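In this text, all values refer to a predicted model and were calculated from it rather than measured experimentally. Note that the numbering runs from 1 along the sequence shown for the chain.
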Amino acid sequence: MKTLYIECNMGAAGDMLMSALYELLEDKEGFLKVMNGLGLPGVRLEAQRGMTCGISGTHMAVTVNGEEEHEPGERNGHHHEHGHDGEHGHHHEHGHDEGHEHYHHHGGHFHASPGHIAEMIDRLSDLPAEVRENARSVYDRIAQAEAKAHGCPVGDVHFHEVGALDAVADVTGVCYAMHLIGAQKVVVSPIHVGSGTVRCAHGIMPVPAPATANLLYGVPFYGGGVKGELCTPTGAALLTHFADEFGNMPVMTVRGVGVGIGTKQFEQANCVRVFLGETAEEQNGQKEKANGTITELICNIDDMTPEGLAYACRRILEEGALDVYTVAGTMKKGRPGHVLTVLCRPEDEEKAVRAVLKETTTNGVRSRSCDKYYLVPGAEKVQTRWGEARIKTAAGYGVLHVKPEYEDVAALARANDVSYQEAAEEILKSRM
């Protein structure tokens with residue numbers, strides 16, 4: 001199963017998550033082109049190389065009118081979307097709407113309601129509908145958490161304008177990157193939220209801030225020796241929206257690693273790391289044992305034409321057999337013939353026997369029960385430069401087999417006048 005693991009040893013903020021996910025993307029330039037073409041006023045994303053405690057990664061600089069938001073020591077807003085404080089050094093994260101006609105003035109600052117934020121996200125038509133829906137859901141989570149924290153209706157929550165556009169870029173960027181990565185399962189580590197207090201417009205608040213604590217209800221998180229706010233409401237909302245489960249890193253075959261770098265240096269690495277790879281299939285919370293029993297039916301046939309035997313094999317498959325095949329053999333009196341083997345589920349044995357006796361000339365069938373060890377099958381869809389294609393997977397015992405669907409490979413090869421091998425390689429490359 002294609003699994004994404006997010007490590008939050010230094011909390012999470014929208015820009016750090018986007019930076020880490022960005023490193024997993026195959027078409028990084030395409031991602032930036034789409035994000036910078038959304039029409040968010042004055043907003044621009046630039047991927048910069050960063051370093052923390054000797055670890056190299058990406059810092060996604062989100063600027064509004066050429067300036068990157070930094071306000072050491074305090075957070076802005078009234079019923080706000082919080083940002084990291086100066087002790088931690090990440091960007092402030094706020095909601096925003098496009099155009100001041102959607103704001104009202106309060107206390108010397110402009111504010112936007114959750115409805116205005118949703119309208120702005122809906123206008124980002126260059127993003128897939130799924131991405132816009134996820135972005136709206138993330139802001140809904142933040143608004144509900146803020147309303148509960150401040151004891152007011154959700155409609156009375158207002159997101160601060162300062163740093164708001166870069167926060168919308170962070171949220172939509174993370175949602176778009178998640179869409180492109182296409183993980184089937186997302187696992188998030190216990191979240192380090194920091195400790196101490198943080199200053200905001202309401203005064204000095206404890207860490208985690210009330211809205212963050214509301215968003216992380218039921219989620220494993222912890223404090224520690226690092227002073228300051230490490231996990232913002234935006235980071236908490238994104239993690240809880242996408243996570244399928246929280247816990248330690250699962251056993252997985254890693255195919256890619258991304259590192260999102262924060263802007264302030266600490267004694268420990270200030271980053272979010274993401275790992276993309278394969279884990280064993282799970283059903284009902286239990287690891288698939290990848291073994292079982294199967295019935296094998298065998299008979300010898302030396303008096304059927306190849307056409308008749310081929311038809312019989314097809315009919316037996318249509319009756320529910322798992323597999324049917326023949327092997328050439330020498331029968332009694334030296335006559336050439338075939339050994340017919342039928343594999344079926346134990347509960348389908350009687351039905352399969354009847355099909356063999358009906359469709360072939362044999363007068364008897366041998367049956368035996370076998371143990372079977374198998375890789376768990378799966379299927380994925382990938383988006384290539386020529387269109388969508390399917391991939392077959394089989395995983396288990398620390399092994400992963402990946403194979404493009406034949407019909408899709410053939411269709412892409414024909415439509416784009418390329419060889420079968422080139423089309424197959426393009427499909428597999430798009431999966432990474």
Are the side chains of Met18 and Val62 in touch, meaning some heavy atoms are under 4.5 Å apart?
yes

So do Met60 and Leu32 actually touch side chain to side chain, heavy atoms under 4.5 Å?
yes

List, one per line, each side-chain donor-acceptor pair under 3.5 Å for residues 321-344, sequence neighbours excluded.
from	atom 1	to	atom 2	distance (Å)
Arg335	NE	Asp302	OD2	3.3
Arg335	NH2	Asp302	OD2	3.0

Pairs touching residues 357-368 that satisfy side chain to side chain donor-acceptor pair (under 3.5 Å), sequence neighbours left out
Glu296-Arg368, Asp303-Thr361, Glu349-Ser367

Between Thr295 and Arg345, does any side-chain donor sit less than 3.5 Å from a side-chain acceptor?
no

Atom CG of Leu180 and atom OG of Ser430: how far apart are they, to the nearest 0.5 Å?
11.5 Å

Review item, side-chain donor-acceptor pairs of residues 127-134, under 3.5 Å, at least two apart:
from	atom 1	to	atom 2	distance (Å)
Glu130	OE2	His179	ND1	3.0
Arg132	NH1	Leu127	O	2.4
Asn134	OD1	His241	NE2	2.9
Asn134	ND2	Glu130	O	3.3

Atom CG in Leu276, atom CD1 in Ile6: separation rounded to 0.5 Å?
10.5 Å

Any side-chain heavy atom of Val418 within less than 4.5 Å of one from Glu426?
no

State, yes or no, whether a side-chain contact exists between Glu267 and Val226 at a heavy-atom distance under 4.5 Å.
no

Give a yes or no on whether Arg385 atom CZ has more than 12 heavy-atom contacts from other residues, nucleotides or ligands under 6.0 Å away.
yes

Decide if atom CZ of Arg44 counts as having more than 12 heavy atoms of other residues, nucleotides or ligands within a radius under 6.0 Å.
no

On a heavy-atom basis, which atom in Met252 and which in Thr3 lie closest, and how many Å separate them?
CE-O, 3.5 Å

Nearest heavy-atom neighbours spanning Ala269 and Cys53:
N-SG, 3.5 Å

Side-chain (Glu278) to main-chain (Met1) donor-acceptor, under 3.5 angstrom
yes

Taking the side chain as everything from C-beta on, heavy atoms only, tell me whether Val171 gets closer than 4.5 Å to Ile121.
no

Under 3.5 Å, is there a donor-acceptor pair between the side chain of Lys2 and the main chain of Ile181?
yes

Got more than 12 heavy atoms from elsewhere within 6.0 Å of OH, Tyr406?
no

With no hydrogens and no angle check, is any side-chain donor or acceptor of Thr52 less than 3.5 Å from a backbone partner on Asn270?
yes

When you look at Glu23 and Val259, which way does the side chain to side chain contact (heavy atoms under 4.5 Å, CB included) test go after all the steps?
CA-CA 7 Å; Glu23 291 207 333; Val259 181; 4.0 Å; yes

How far does CG of Asn214 sit from NZ of Lys148, to the nearest 0.5 angstrom?
5.0 Å

Value for CD1 (Ile191) from CE (Met10), rounded to nearest 0.5 Å, stands at 14.0 Å

All heavy atoms of Val138 vs all of Cys175, minimum pair found to be CG2-SG, 4.4 Å

Between Met249 and Val254, is any pair of side-chain heavy atoms under 4.5 Å apart?
yes

Side chain to side chain contact (heavy atoms under 4.5 Å, CB included) between Val43 and Leu38, worked out:
CA-CA 9 Å; Val43 174; Leu38 292 178; over 6 Å; no

Hey, are Lys392 and Glu407 close enough for a salt bridge, meaning a charged N less than 4.0 Å from a carboxylate O?
no

Tell me the closest heavy-atom pair linking Val186 and Phe242, and the distance in Å.
CB-O, 3.4 Å

Please report the interatomic distance CG(Leu124) to OH(Tyr176), rounded to the nearest 0.5 Å.
12.5 Å

Reported CG-to-SG distance for the pair Leu297 and Cys299, which is rounded to 0.5 angstrom
8.5 Å

Under 3.5 Å, is there a donor-acceptor pair between the side chain of Gln48 and the main chain of His59?
no

On a heavy-atom basis, the closest approach of Gly320 and Asp348 is O-OD2, 4.4 Å

Is there a side chain to side chain contact (heavy atoms under 4.5 Å, CB included) between Asp371 and Thr293? Walk through the geometry before answering.
CA-CA 4 Å; Asp371 288 332; Thr293 58; 3.8 Å; yes

Within the side chain of Lys28, is there an N or O that forms a donor-acceptor pair under 3.5 Å with the backbone of Leu25?
yes

Okay, side chain of Ser189, backbone of Cys8: is any donor-acceptor separation there less than 3.5 Å?
yes

Exercise: identify the closest heavy-atom pair between Leu357 and Gly364:
CD2-N, 4.2 Å

Counting C-beta onward and ignoring hydrogens, is there a side-chain heavy-atom pair between His192 and Tyr222 closer than 4.5 Å?
yes

Among residues at least two apart in sequence or on other chains, which ones pass salt bridge (Lys or Arg N to Asp or Glu O under 4.0 Å) with Asp244?
none

State, with a plain yes or no, whether a side-chain heavy atom of Val402 is found less than 4.5 Å away from one of Glu380.
no

Would you check if the side chain of Glu229 reaches a backbone N or O of Val207 as a donor-acceptor pair within less than 3.5 Å?
no

Check salt bridge (Lys or Arg N to Asp or Glu O under 4.0 Å) between Arg354 and all other residues, then give those that pass, not counting sequence neighbours.
Glu350

With sequence neighbours excluded, tell me which residues meet salt bridge (Lys or Arg N to Asp or Glu O under 4.0 Å) with Glu46.
none

Check whether any side-chain N or O of Lys351 sits under 3.5 Å from a backbone N or O of Glu319 as a donor-acceptor pair, and report yes or no.
yes

